Asks: 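One structure, pasted below without further comment.
Being a predicted model, the structure only gives us computed values, none of them experimental. Just so you know, these numbers use all the heavy atoms, side chains as well, and skip hydrogens, waters and symmetry mates. Along the sequence shown, residues are numbered consecutively beginning with 1.
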Amino acid sequence: MAFQAFENRPGKLEAEFETAVQNDPAMGTMFQAFRQYFPTDYAALKAEMVAQHRAGATPASLNMLGFNRMAVFRKAHIRELALAPSAELQAFRKSQAALINGLAAESPTLCAQYTFATIKPGTTPSPKVQKLLADIGAAQFRAIAAGQKTPAKREIDTLSRADSEALVAQMKRAGLSDRQLAAFLDGSGARALSETDQCRTGVILTQALDGLPADQAERVLAFMTAHS
């Protein structure tokens with residue numbers, strides 16, 4: 001991560017932070033988008049991380065701090081993400097599908113974590129997966145900003161029976177078993193399914209969304225996002 005370089009650089013730490021995170025080959029695009037769309041929040045993160053570094057924080061603890069602050073930011077703006085206009089929500093969905101497929105190819109464990117919760121802090125994915133994480137982070141920031149500026153007129157608190165049935169039909173068509181589907185629908189997947197089955201559920205969910213009409217896929221994704 002960028003903070004390995006950040007730790008060892010002398011001089012003005014604020015400038016070094018900018019150099020480290022904005023030019024990081026894996027995660028730079030995410031931090032660039034964060035600074036572009038949410039400059040005040042970015043500045044607060046930078047100030048906190050610089051202060052922690054001056055207090056002797058290790059690269060690992062700085063990475064953890066960044067991870068936790070990003071998670072808090074997403075949770076605080078989850079409804080705005082769900083209300084992003086069609087173009088930004090579709091871009092978020094495509095980056096999400098790319099991440100799920102990338103995780104499935106590399107690590108069923110990470111894929112399972114992402115499908116039913118989130119990737120646990122302290123994990124070190126490959127540079128390829130780090131880039132996919134940065135891409136979805138950037139897409140997420142763009143979508144949240146767009147959802148704040150021009151929120152879509154869509155229902156995100158409930159999902160219609162027609163949309164729910166269409167999703168289930170697509171997931172069955174893609175090969176999800178009744179047991180896997182039941183665990184997905186009742187929220188017990190993280191406990192009831194193996195990591196392999198959890199990952200398979202995530203992959204099939206992305207395929208199912210791809211198989212729905214675009215407006216229906218948006219409604220389903222928006223509802224799931226708002227309740228994630």
Side-chain angles (χ1 to χ4, degrees), residues 33 37-38 41 70-101 103-104 111-120 133 135-193 197-228:
Y37 294 105
F38 301 99
D41 296 279
M70 293 295 184
V72 168
F73 181 90
R74 183 185 189 278
K75 187 173 181 64
H77 296 282
I78 198 70
R79 293 183 68 83
E80 292 146 331
L81 175 58
L83 289 171
S86 293
E88 287 79 10
L89 190 65
Q90 290 286 357
F92 173 71
R93 180 172 68 83
K94 290 178 180 177
S95 65
Q96 191 174 58
L99 175 59
I100 282 282
N101 289 320
L103 289 170
C111 176
Q113 288 176 11
Y114 184 79
T115 297
F116 282 94
T118 186
I119 295 176
K120 293 179 181 177
L133 286 166
D135 289 344
I136 194 173
Q140 181 174 268
F141 291 137
R142 285 192 293 271
I144 291 170
Q148 289 180 337
K149 185 177 181 181
T150 52
K153 293 180 174 62
R154 74 168 66 92
E155 175 59 54
I156 62 173
D157 292 316
T158 60
L159 189 64
S160 72
R161 182 172 180 175
D163 287 346
S164 178
E165 289 178 348
L167 176 65
V168 168
Q170 284 289 343
M171 294 182 79
K172 285 184 175 180
R173 191 173 296 119
L176 204 65
S177 71
D178 289 341
R179 181 179 64 85
Q180 293 165 340
L181 183 60
F184 169 72
L185 293 175
D186 69 16
S188 67
R191 303 185 305 276
L193 300 177
D197 282 350
Q198 290 178 49
C199 180
R200 174 174 168 77
T201 300
V203 171
I204 285 180
L205 175 60
T206 65
Q207 294 171 353
L209 289 171
D210 283 342
L212 295 174
D215 59 340
Q216 192 169 52
E218 287 178 17
R219 292 193 298 271
V220 172
L221 177 61
F223 171 78
M224 294 179 64
T225 298
H227 295 269
S228 62

Asks: Can you check side chain to side chain contact (heavy atoms under 4.5 Å, CB included) on R179 and L193, steps first, answer last?
Replies: CA-CA 9 Å; R179 181 179 64 85; L193 300 177; 3.2 Å; yes
Asks: Roughly how far, to the nearest 0.5 Å, is CG of L181 from CG of D186?
Replies: 9.5 Å
Asks: What distance do C199 atom SG and I100 atom CD1 have between them, rounded to the nearest 0.5 Å?
Replies: 6.5 Å
Asks: Side-chain donor-acceptor pairs under 3.5 Å in residues 218-228, sequence neighbours left out?
Replies:
from : atom 1 : to   : atom 2 : distance (Å)
E218 : OE1    : S86  : OG     : 2.9
E218 : OE1    : R154 : NH2    : 3.4
E218 : OE2    : S86  : OG     : 3.2
E218 : OE2    : Q90  : NE2    : 3.1
R219 : NE     : D163 : OD2    : 2.7
R219 : NH2    : D163 : OD1    : 3.0
T225 : OG1    : L221 : O      : 2.7
H227 : NE2    : I156 : O      : 3.2
H227 : NE2    : D157 : O      : 3.4
S228 : OG     : R74  : NH1    : 3.4
S228 : OG     : T225 : O      : 2.7

Asks: Using side-chain heavy atoms (C-beta onward) and a distance below 4.5 Å, is D178 in contact with K172?
Replies: yes
Asks: Checking A71 now: which residues fulfil side-chain contact (heavy atoms from CB on, under 4.5 Å) with it, not counting sequence neighbours?
Replies: none
Asks: Where do F38 and I144 land on the side chain to side chain contact (heavy atoms under 4.5 Å, CB included) test, with the steps shown first?
Replies: CA-CA 10 Å; F38 301 99; I144 291 170; 3.5 Å; yes
Asks: Given side chains that start at C-beta, do those of Y37 and Q148 come closer than 4.5 Å, heavy atoms only?
Replies: no
Asks: Please confirm whether the backbone N or O of A146 pairs with a side-chain atom of E88, one donor and one acceptor, at under 3.5 Å?
Replies: no
Asks: Return the minimal non-hydrogen interatomic distance between A190 and Q198, and the atom names on each side.
Replies: O-NE2, 3.5 Å
Asks: Kindly indicate whether the side chain of V203, heavy atoms from C-beta on, has any atom under 4.5 Å from the side chain of T115.
Replies: no
Asks: Given side chain to side chain contact (heavy atoms under 4.5 Å, CB included), test F184 with Q180 step by step and report yes or no.
Replies: CA-CA 6 Å; F184 169 72; Q180 293 165 340; over 6 Å; no
Asks: At what distance, to the nearest 0.5 angstrom, does CE of M171 lie from CG of L209?
Replies: 8.0 Å
Asks: Return the minimal non-hydrogen interatomic distance between Q113 and I119, and the atom names on each side.
Replies: OE1-CA, 3.5 Å
Asks: What's the spacing between L89 CG and L81 CG if we round to 0.5 Å?
Replies: 7.0 Å
Asks: Of all heavy-atom pairs between R200 and A174, which one has the smallest distance, and what is that distance?
Replies: NH2-O, 4.4 Å
Asks: On a heavy-atom basis, which atom in P151 and which in G147 lie closest, and how many Å separate them?
Replies: CB-O, 3.2 Å
Asks: Give the minimum heavy-atom separation between L167 and A208, together with the two atoms involved.
Replies: CD1-CB, 4.0 Å
Asks: Starting at CD1 of I78, measure out to CZ of F73 and round the result to the nearest 0.5 Å.
Replies: 11.0 Å
Asks: Take H77 and F141, measure what side chain to side chain contact (heavy atoms under 4.5 Å, CB included) needs, and give me the verdict at the end.
Replies: CA-CA 10 Å; H77 296 282; F141 291 137; over 6 Å; no
Asks: Does the side chain of F116 reach to within under 4.5 Å of the side chain of R191, using non-hydrogen atoms?
Replies: no
Asks: Is there a side-chain contact between V168 and L185, using heavy atoms and a 4.5 Å cut-off?
Replies: yes
Asks: Testing the basics here: between I136 and S95, what is the closest heavy-atom pair and its distance to 0.1 Å?
Replies: CG1-OG, 3.4 Å
